[in-house]
Amino acid sequence: MLVVRAVEDQPSRGIRRGDVFRIYLVDAHHHMGREGSHRNTPPGAYSYYALLWFELRRMAKDQLEKDSLLFEPIRVEPPSLPWKCFSLRDSWERMNNGWLVDRTIVFPYSDDYAKSSDRTTASFRLSNDKIAGWTTHAPNSTRLIGFARVDPTDGKTKSPDAAVNELNRAVNNLGLRGLKLHPLAQLFVDDIQDDITKRVVVRAGELRIPVIFDTRNIRTARKIKALVDDIRSDDSYADALRGMRIILGHSAMSPGDSLLHEIIRDPLIHAETSGLHGQDIPVLFKTAQERVGTTRGSWSEKILFGTDYSFLSMQAAEVILYLLSKSFSGTLADIQRILGGNALSLVQKPFTTDGPSGEAPRQVVFNDEDHRGLETLESLILNLVRNRQWDVASFDFMIPPRGTWPDVRPHPTGGFSGVYDNSYIITLVANKGAREVHIWVRQQSGKTSTCAIVGSRAQHTLDTTELAFQRVDPFLLSTLAEHSVQIESADRIQSVLLRLLEVP
Ligand SMILES: [Zn+2]
């Protein structure tokens, strides 16, 4: 998390000079794998963020001298549980750095593993396996979110279903949580409105995962918008539309084009910042504020921060600093949405894979007045991971439902950024057998917390990280209430939970 301090009083926003705020950062565009001279793996990502923080500080110092900053970046803070997870082993501890960025959306390059010569194997199959290998095991699963990549032209060169089947496999078997498409690299710019692309995008909608397209010009963005309109006009795609969310990577490299902003007024379409630098950056945000406005939610819900590492590196610092500068006229809530909230909202479905589900939902309610309960619970879970009984496939903080992101509160009142640091979902996968469960931790009030264990593959399960009761399956909530154990002392949490998480 990025910690910033107000440089001056901002009476209209109730901010005083010296107030300190925390901002949770998500990088929505990051590559791993190998493409020519480009190579990147999880430690490479974290080292890059450490350098980015160094560069951010250096640039901030210059700008402070020119009196152009409204908020000064003062330090980074890791979120507690991921940090503890990285501390479990010496080899993991070496990667316990670069906490400027809390979460990273990771997908393949057009990489050396993407191509397959035989007609039956889909492109990117091996690349997707590698992304899942990096993003769905502890400790990296607490920081990384894996997206798949497919080549829609497989629909022409291999079989009509090749790309769709690979997407199904990547999401349902590997547990990847989004899709990256690159019309230029996979040579389908002219086929974006064609059936081969439509099938893939429709399937992504049915699977409830977001799609990020690489877009280098407004022509490509216009075609994507036409594709979305085409899908929208056909009633048979109603279900796919409910889960459809599109991100225009690089904002079509057209930050000031009124057409870009017209396109992102579409409730399903968003823009991402990587590739923009210099004057592009203020132009993107100012034009969005003017053109996207507040007609359908806030304009700042439509833009996501991304780095495009390792193709790009330090430009990302320019975006962060612009948002902290006096030239940016949005609020801290706008900054938090752009730097992380929007990405979390788009990838809100927790990790899950296909498999048998025999799991009955249960919950324990415990006294947590002095946070001892929560600490006991966390150290128990981490212990199961250290002992290799369970692996962590993902770790997601709960977030406010879309359109309700609150104001960011200063440190003395908890430093709340909108990301709930005391309510989260951990997906645990048993190293023996086939169990896959969501551990759903919620602070109920200052005094009690609950920990629910829910089969991630069950019919009634947690399908969103949005913390709102109307968003949770009512049958699941009532079953949890019926199978609830009240625990008074922190010590008993150990034995009760150990029994529930026993692996034969
Ligand atoms: Zn990229």
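What's counted below: heavy atoms across the whole structure, side chains too, no hydrogens, waters or symmetry copies.
Looking at S456 and E436, their side chains do bring a donor and an acceptor atom within 3.5 Å of each other. At a cut-off of 3.5 Å, with distance as the only test, no side-chain donor of D230 or Y237 sits close to an acceptor on the other residue. Between the side chains of R471 and Q348, a donor-acceptor pair is found at a separation under 3.5 Å. Side-chain contact check for N387 and W390: no donor-acceptor pair (N or O, by modelled atom type) lies under 3.5 Å. Between the side chains of S110 and Q186, a donor-acceptor pair is found at a separation under 3.5 Å. S417 and R22 form no side-chain donor-acceptor contact under 3.5 Å, judged by distance and modelled atom types alone. Judged by distance alone, the side chains of S449 and D368 do bring a donor and an acceptor atom under 3.5 Å apart. With 3.5 Å as the limit, one finds a donor-acceptor pair spanning the side chains of T220 and N217. In the model, Y109 has a side-chain atom that pairs as donor or acceptor with a side-chain atom of S310 under 3.5 Å.
Taking the six-membered ring where the residue is Trp, F416 and Y420 present tilted rings, their angle falling between 30° and 60°. Using cut-offs of 30° and 60° on the angle between ring planes, the pair F86 and Y46 is perpendicular. Aromatic ring pairs are classed by plane angle as parallel below 30°, tilted from 30° to 60° and perpendicular above 60°; the pair F397 and Y24 is perpendicular.
In this view, R402 and H270 satisfy the side chain to side chain donor-acceptor pair (under 3.5 Å) rule, not counting sequence neighbours. Residues forming a side chain to side chain donor-acceptor pair (under 3.5 Å) with S127 (at least two apart in sequence, or on another chain): D111. The side-chain contact (heavy atoms from CB on, under 4.5 Å) test applied to D90 returns no partner, not counting sequence neighbours. For D354, there are no side chain to side chain donor-acceptor pair (under 3.5 Å) partners, not counting sequence neighbours. Under the rule for a salt bridge (charged side-chain N to carboxylate O under 4.0 Å, His left out), D473 has no partner lying at least two apart in sequence or in another chain. With sequence neighbours excluded, the residues forming a ring-ring contact (aromatic ring centres under 6.0 Å, His included) with Y309 are H30, Y48, listed by chain and number. Judged as a side chain to side chain donor-acceptor pair (under 3.5 Å), and not counting sequence neighbours, T135 has no contacts. Every residue two or more places apart in sequence or in another chain was checked for a ring-ring contact (aromatic ring centres under 6.0 Å, His included) with F188, and none qualifies.
Remark: the backbone N or O of E206 is not paired with any side-chain donor or acceptor of D239 at under 3.5 angstrom. No donor-acceptor pair closer than 3.5 Å links the side chain of R125 to the backbone N or O of A114. A donor-acceptor pair under 3.5 Å is formed between the side chain of E272 and the backbone N or O of H250. For K302 (side chain) and I264 (main-chain N/O), a donor-acceptor pair under 3.5 Å exists by modelled atom type. In terms of modelled atom types and a separation under 3.5 Å, the side chain of S251 and the main chain of A271 share no donor-acceptor contact. At distances below 3.5 Å, at least one donor-acceptor pair connects side-chain atoms of T136 with backbone N or O atoms of A132. Formation of a donor-acceptor pair under 3.5 Å by the D102 side chain with backbone atoms of M1 is found in this model.
Within a 6.0 Å radius of CZ in F54, other residues, nucleotides and ligands contribute 12 heavy atoms or fewer. Few gaps surround CH2 on W92; more than 12 heavy atoms of other groups in view lie less than 6.0 Å from it. No more than 12 heavy atoms of other residues, nucleotides or ligands sit less than 6.0 Å from atom CZ of R119.
Within the structure, the salt bridge (charged side-chain N to carboxylate O under 4.0 Å, His left out) test picks out the following pairs touching residues 376-401 (sequence neighbours left out): K84-E378, R103-D396, R177-D396. Within the structure, salt bridge (charged side-chain N to carboxylate O under 4.0 Å, His left out) contacts touching residues 33-53 (residues at least two apart or in different chains) are R34-D112. Evaluation of the salt bridge (charged side-chain N to carboxylate O under 4.0 Å, His left out) test over residues 155-166, restricted to residues two or more places apart or in two chains, returns K156-D191, D161-R199, E166-R169. Within the structure, salt bridge (charged side-chain N to carboxylate O under 4.0 Å, His left out) pairs that include any residue of residues 132-152 comprise K115-D151 (at least two apart or interchain).
Only one option out of F305, F147, F213, F107 pairs with H29 in a ring pair (Phe, Tyr, Trp, His ring centres under 6.0 Å); it is F107.
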